[in-house]
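Residue numbers start from 1 in every chain, and the chains themselves are labelled A, B, ... in the order their sequence lines are given, proteins ahead of strands.
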2 protein chains.
Amino acid sequence: MSKIDIIKLAKALNLSKSTVSRAFRDNSDINPTTKERVLKMAKELNYRPNHYASNLREQKSKTIAVVVPELANNYFTQIIQGVERVAKTKGYHILIFVTDDDIQKEKEFIRSISNGRVDGVLMSVSGESEDHSYLNRVDFDWLPVVLFDRVYDDIELPTVVTDDYDSSYLATQHLIANGCKRIAYLVVNKEQSIGKTRMQGYMDALHDGGLPTDELLIADCSNAYDENALILKTFLAEQNPDGVLASVERLAVSAYYVCRDQGIRIPEDLKIVAFSSLEIAELLNPSLSTITQPAIQIGEHAANILLDKLSGVDSGGLQPQIVLSSELVVRDSSRL
Amino acid sequence: MSKIDIIKLAKALNLSKSTVSRAFRDNSDINPTTKERVLKMAKELNYRPNHYASNLREQKSKTIAVVVPELANNYFTQIIQGVERVAKTKGYHILIFVTDDDIQKEKEFIRSISNGRVDGVLMSVSGESEDHSYLNRVDFDWLPVVLFDRVYDDIELPTVVTDDYDSSYLATQHLIANGCKRIAYLVVNKEQSIGKTRMQGYMDALHDGGLPTDELLIADCSNAYDENALILKTFLAEQNPDGVLASVERLAVSAYYVCRDQGIRIPEDLKIVAFSSLEIAELLNPSLSTITQPAIQIGEHAANILLDKLSGVDSGGLQPQIVLSSELVVRDSSRL
DNA sequence: TTGTATGCGTTATCAC
DNA sequence: GTGATAACGCATACAA
């Protein structure tokens, strides 16, 4: 294969390079027969238009970036699946970037692609509690951005999120209905919109259910399994809750491990509900009650919004704000 | 931000574009002070070198492609994590492509990137039983390719795989040791090297353990959960095995569901061991015995090999063939 | 319908 | 140490 370019191909065909070029563009004036001829020879010589040259010329890349905080999370990989699925149908490729929840990396990545690297960006953000004004410096007409799941509320962009408040409220209500009096809330970062919104639903449900809200029942965890094991062990021992709402799957898993080790019975001693996209929640011991977010659909929606923008579909001036519903699936871990 | 390019920046600084360009290259003759000045102004104007122009010029993209059969599989997403981790440290981006186990898509993708789109490819293949000679047409000096997990044996390329035969053998031996007489093997596609190798380990262990091998005990499943539920339900009823080796996680999960529905007790009636990268195998009911592959490391190794090649490290002429060890973790699902 | 010429934004080579 | 200029490979406006 090596170095066959449009000129060599043109020479081989005794044509000009423009004609050859035209053979690869769909809506160009070209004799169907010569087009055939070119395509055939191209196949033979294994020629493909150089991507970077075309992109430079056309100022587009047919590629979108997907920016996520982490990959070690089923939820995000499911979202990526959704994105991939719709991107593929429109001929787009996807570039994955992981920020490790570090806004510096997020910022640097956005900077690094801000000059034609990709046609658009799908992002779940990392710096909600920090200064993310860097985003205001990008021209969204040049580089459309759609936020999903974790969003910056103070920046006007299309978003795709789930109804976290309602889900949290409902799940807490369910725990109350099943007799819980001391319901704990497990969260990784209270400052994130996700953590905050879910916490609000939890608190309001407590209040409406006639239960006091107690700062001490809110466990601020980390992202590392081993740390969480420690935090939760202490937390459960000291606070002795009878119900738990885990704002992310990982915390529910840690809670399961701690309960097993400490001889805390689920659901008899402690009932658990968790935000989780685990496909086998059903098979856990005991099966885990979940608030299941439509992850794949989030990806699909976000991708569709972005691709619409890229193909010039007018959103009527305003930014779509999609809210998808999660589903509360009650299983053994929160049963009476 | 919009349209700021090197020329505008140069003008703003009253410099030539060559000088500006030099400020961004690390080892160029340039006055440190002017470099400072350029970089500062660049930041101010939010200038970034155009990726496509540089790539066109330099003939490299600092991007590698990761090609996998599917994303709906923890195993592959973990591998991607590993790749991402090392790629990031070397300043590479990753482009994800999913073949849906369709060699046509695999082929088309490789073709589509064969002209400078990426600097190299990491791939887990899809067309082992089909004609994959298309790969011989790519010049691996121009586009280095490293295969992982699912490989083409008849094409000379670096590979990273796990010791599937040994793992299978060991797991089967373990089942025999725990009293199983009728051990079934669950597989998705017998023709794949993965399925085949694992089956061989299983068969040899049976033989060495003095047990007959029986074609009927090999269940050829599909990739869809609902289909598998049906297949396995019938299979378990008809063949009545007392042990099962699942060549992929998905099949073990299906088996769990079927057992639950049919009142088959694990491990009393049926012992199960599965190839699985599930992090919470421990928490299943009952906890699942697994052959755990070092997925993240596979990704890291593959990426390292590729990046070494890209940076011109000589592999001594021969293609590295890495074999990583999986770990058999015995849990309740296969206990006596 | 096809060919010619120009520019997309860089970087490298060569002068200065 | 810096500036002019020629590629990189392609796609389009314009001429033929």
Side-chain angles (χ1 to χ4, degrees), chain A residues 1-39 41-42 45-62 111-119 142-143, chain B residues 1-39 41-42 45-63 112-119 142-143:
Chain A
M1 140 178 328
S2 52
K3 301 196 64 143
I4 167 93
D5 62 12
I6 200 172
I7 297 200
K8 294 217 182 78
L9 181 53
K11 256 181 205 137
L13 285 157
N14 223 353
L15 283 171
S16 81
K17 57 177 183 160
S18 20
T19 310
V20 172
S21 174
R22 274 187 268 259
F24 287 91
R25 315 251 7 114
D26 269 343
N27 45 359
S28 249
D29 275 359
I30 185 177
N31 187 318
T33 337
T34 48
K35 178 164 180 175
E36 280 295 303
R37 213 157 65 84
V38 173
L39 259 29
M41 180 66 91
L45 298 185
N46 216 346
Y47 164 83
R48 284 250 114 188
N50 179 296
H51 195 250
Y52 289 103
S54 332
N55 288 165
L56 177 56
R57 188 52 235 255
E58 300 198 52
Q59 308 284 28
K60 39 180 47 87
S61 63
K62 276 287 190 177
R111 264 183 68 74
S112 83
I113 58 173
S114 285
N115 231 311
R117 184 71 220 275
V118 298
D119 296 345
W142 277 86
L143 184 73
Chain B
M1 130 177 339
S2 50
K3 300 198 64 144
I4 166 92
D5 61 13
I6 201 173
I7 296 198
K8 295 219 180 76
L9 181 54
K11 256 179 206 139
L13 285 157
N14 222 356
L15 283 172
S16 78
K17 57 177 184 163
S18 348
T19 311
V20 173
S21 175
R22 273 189 270 260
F24 287 92
R25 315 249 11 117
D26 269 343
N27 44 1
S28 248
D29 272 3
I30 184 174
N31 187 318
T33 339
T34 44
K35 179 165 180 173
E36 280 295 304
R37 215 157 63 84
V38 173
L39 259 29
M41 181 64 93
L45 298 186
N46 214 347
Y47 164 82
R48 285 250 111 188
N50 180 296
H51 194 250
Y52 290 104
S54 319
N55 288 166
L56 177 57
R57 194 48 238 248
E58 301 197 45
Q59 309 286 27
K60 46 180 39 102
S61 62
K62 277 283 191 181
T63 303
S112 84
I113 57 174
S114 285
N115 228 311
R117 182 70 220 274
V118 298
D119 296 345
W142 277 86
L143 182 73

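Whole-Å rounding puts the A/Lys35 NZ to C/dT2 P distance at 12 Å. In this structure, A/Asp29 atom CG and C/dT4 atom C1' are separated by 17 Å, rounded to whole Å. A straight line from CG of A/Leu13 to C1' of C/dT2 spans 14 Å, rounded to a whole angstrom. When rounded to the nearest whole Å, the span between CG of A/Asn31 and P of C/dT2 equals 5 Å. The distance between atom NZ of A/Lys60 and atom C1' of D/dC10, rounded to the nearest whole Å, is 16 Å. The distance between atom CZ of B/Arg37 and atom C1' of D/dG1, rounded to the nearest whole Å, is 13 Å. Across the protein-nucleic acid pair, B/Leu56 atom CG and D/dA11 atom P stand 12 Å apart, rounded to whole Å.
Listed by chain and number, the residues in a side chain to side chain contact (heavy atoms under 4.5 Å, CB included) with B/Glu36 amount to none (sequence neighbours excluded).
A sub-4.0 Å separation between OP1 or OP2 of D/dA11 and a side-chain N or O of A/Gln59 is absent. Contact annotation: A/Ser16 side-chain N/O to C/dT2 OP1/OP2 distance is not under 4.0 Å.
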Pairwise N/O distances under 3.5 Å, protein to nucleotides 10-13 of chain C:
{"unit_1": "C/dT10", "atom_1": "OP1", "unit_2": "B/Tyr47", "atom_2": "OH", "d": "2.9"}
{"unit_1": "C/dT10", "atom_1": "OP1", "unit_2": "B/Asn50", "atom_2": "N", "d": "3.0"}
{"unit_1": "C/dT10", "atom_1": "OP2", "unit_2": "B/Ile6", "atom_2": "N", "d": "2.7"}
{"unit_1": "C/dT10", "atom_1": "O5'", "unit_2": "B/Tyr47", "atom_2": "OH", "d": "3.4"}
{"unit_1": "C/dT10", "atom_1": "O3'", "unit_2": "B/Ser54", "atom_2": "OG", "d": "3.4"}
{"unit_1": "C/dT10", "atom_1": "O4", "unit_2": "B/Lys17", "atom_2": "NZ", "d": "3.0"}
{"unit_1": "C/dT11", "atom_1": "OP2", "unit_2": "B/Ser21", "atom_2": "OG", "d": "2.6"}
{"unit_1": "C/dT11", "atom_1": "O2", "unit_2": "B/Arg57", "atom_2": "NH1", "d": "2.1"}
{"unit_1": "C/dA12", "atom_1": "O4'", "unit_2": "B/Arg57", "atom_2": "NH2", "d": "3.1"}

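Residue-level contact check: B/Ile30 touches the backbone only, with heavy atoms under 4.0 Å from sugar-phosphate atoms and none from bases.
Remark: side-chain polar atoms of A/Tyr52 are paired, donor with acceptor, to backbone N or O of B/Arg117 under 3.5 angstrom. Checked by atom type and distance alone, the side chain of B/Asn115 pairs as donor or acceptor with a backbone atom of A/Arg48 at under 3.5 Å. Proximity of a side-chain donor or acceptor of A/Ser21 to a complementary backbone N or O of A/Lys17 within less than 3.5 Å is not detected.
Closest approach of B/Val118 to B/Ser61, counting heavy atoms only: CA-OG, 3.4 Å.
By the 6.0 Å contact criterion, NZ on B/Lys11 is open, its count of non-hydrogen atoms from other residues, nucleotides or ligands being 12 or less.
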